Participant: 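What follows is a structure written as structure tokens; I'll ask about it next.
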Amino acid sequence: MTFKHDGGIAEFLAKVVAEHGKPTVPPQNGASPQFYRSSEGDSRMEVALLWTEATDEHVRSYVNGIPTAQGGTHEAGLRSGVVKAVRNYIETHDLTPKGVTLTAEDIREGMVGILSVYVIEPSSRARQRQAQQPETSAQVDGVVRPALEKWLNDNLCR
């Protein structure tokens, strides 16, 4: 089976959202990603995110194009980066709800994401191991957090 989306993971994200049948928040035509970031170099990756009215989160992740159905440290880095970015945005703009403590799960509720990480190793077994390394989590967090913070500030502070 071959998957091909001319629009890359952004187009694939729209397909995943449509499959889940939950409206995006805010509503969008074609469910284009609210947030998209690609990174080149040693930590080459692509990430596309949006939020829906779902009560759970749904992340599909890949390492060198291979699905990682059981997640891994790259997904942990994504989750961590998202939570840190949103918390920083909330604190910076004094949006903390009085008497409410937002948990990481609250922030990620309804999030739908696609994460594609590329690692340079000669064998697929070595690639899978590298994707499970703690530094992979830090690399993904290090790309996602500042980019999402910037996106939040650029798109929600109008």
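These figures come from a predicted structure and were not determined experimentally.
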Participant: Report yes if some heavy atom in the side chain of Val112 is under 4.5 Å from a heavy atom in the side chain of His20; otherwise report no.
Facilitator: no

Participant: Closer than 3.5 angstrom, by distance alone: can the side chain of Thr92 be matched with the main-chain N or O of Asn88 as a donor-acceptor pair?
Facilitator: yes

Participant: Report yes if some heavy atom in the side chain of His93 is under 4.5 Å from a heavy atom in the side chain of Asn153; otherwise report no.
Facilitator: yes

Participant: Quick one: salt bridge (charged side-chain N to carboxylate O under 4.0 Å, His left out) pairs with a partner in residues 93-102, sequence neighbours left out?
Facilitator: none

Participant: Grab the two heavy atoms, one from Gln139 and one from Met45, that are nearest each other, plus how far apart they are.
Facilitator: O-CE, 3.8 Å

Participant: Within this structure, what is the OH-OG distance for the pair Tyr118 and Ser38, rounded to the nearest 0.5 Å?
Facilitator: 9.5 Å

Participant: Please determine whether side chain to side chain contact (heavy atoms under 4.5 Å, CB included) holds for the pair Tyr89 and Leu95, giving the CA-CA distance in whole Å, both sets of side-chain angles, and the decisive distance to 0.1 Å.
Facilitator: CA-CA 8 Å; Tyr89 175 80; Leu95 300 172; 3.6 Å; yes

Participant: Tell me the salt bridge (charged side-chain N to carboxylate O under 4.0 Å, His left out) pairs involving residues 100-114, sequence neighbours left out?
Facilitator: Glu57-Arg108

Participant: Could I get the full list of side chain to side chain donor-acceptor pair (under 3.5 Å) partners for Gln70, not counting sequence neighbours?
Facilitator: none

Participant: I need the Glu53 CD to Thr24 OG1 distance, nearest 0.5 Å.
Facilitator: 8.0 Å

Participant: According to the interplanar angle, ranging from 0 to 90°, do the rings of Trp151 and Phe35 count as parallel (below 30°), tilted (30 to 60°) or perpendicular (above 60°)?
Facilitator: perpendicular

Participant: Run the numbers on Glu46 and Val117 for side chain to side chain contact (heavy atoms under 4.5 Å, CB included), then give the verdict.
Facilitator: CA-CA 7 Å; Glu46 285 184 277; Val117 177; over 6 Å; no

Participant: Determine the sole option in Asp141, Val143, Ile114, Val144 for which the side chain to side chain contact (heavy atoms under 4.5 Å, CB included) test with Leu78 is passed.
Facilitator: Val144

Participant: Quick one, Lys15 with Glu11, criterion salt bridge (Lys or Arg N to Asp or Glu O under 4.0 Å). Give me CA distance, side-chain angles, the key distance, then yes/no.
Facilitator: CA-CA 7 Å; Lys15 179 183 182 306; Glu11 183 180 314; over 6 Å; no

Participant: How many angstroms lie between atom NZ of Lys150 and atom CZ of Arg37, to the nearest 0.5 angstrom?
Facilitator: 10.0 Å

Participant: First locate atom CG of Leu115, then atom CG of Leu49, and finally report the distance between them rounded to the nearest 0.5 Å.
Facilitator: 8.5 Å

Participant: Before giving the answer on salt bridge (Lys or Arg N to Asp or Glu O under 4.0 Å), spell out for Glu91 and Arg87 the whole-Å C-alpha distance, their side-chain angles and the decisive distance to 0.1 Å.
Facilitator: CA-CA 6 Å; Glu91 290 172 15; Arg87 281 193 173 141; over 6 Å; no

Participant: In terms of side-chain heavy atoms, does Ser61 have a donor or acceptor partner in His74 at a distance below 3.5 Å?
Facilitator: yes

Participant: Does Gln34 reach the main-chain N or O of Trp51 with its side chain, forming a donor-acceptor pair under 3.5 Å?
Facilitator: yes

Participant: Are any of the side-chain nitrogens in Glu75 or Arg79 under 4.0 Å away from the carboxylate oxygens of its partner?
Facilitator: yes

Participant: How long is the span from the CG atom in Leu13 to the CD1 atom in Ile9, to the nearest 0.5 Å?
Facilitator: 7.5 Å

Participant: Give a yes or no on whether the backbone of Pro23 and the side-chain of Thr52 come within a donor-acceptor separation of less than 3.5 Å.
Facilitator: no

Participant: Check Ser137 against Ala76 and note the closest heavy-atom contact, atom names and distance.
Facilitator: OG-C, 3.9 Å

Participant: Quick check for you: to the nearest 0.5 Å, what is the distance between Glu149 atom CD and Leu152 atom CG?
Facilitator: 8.0 Å

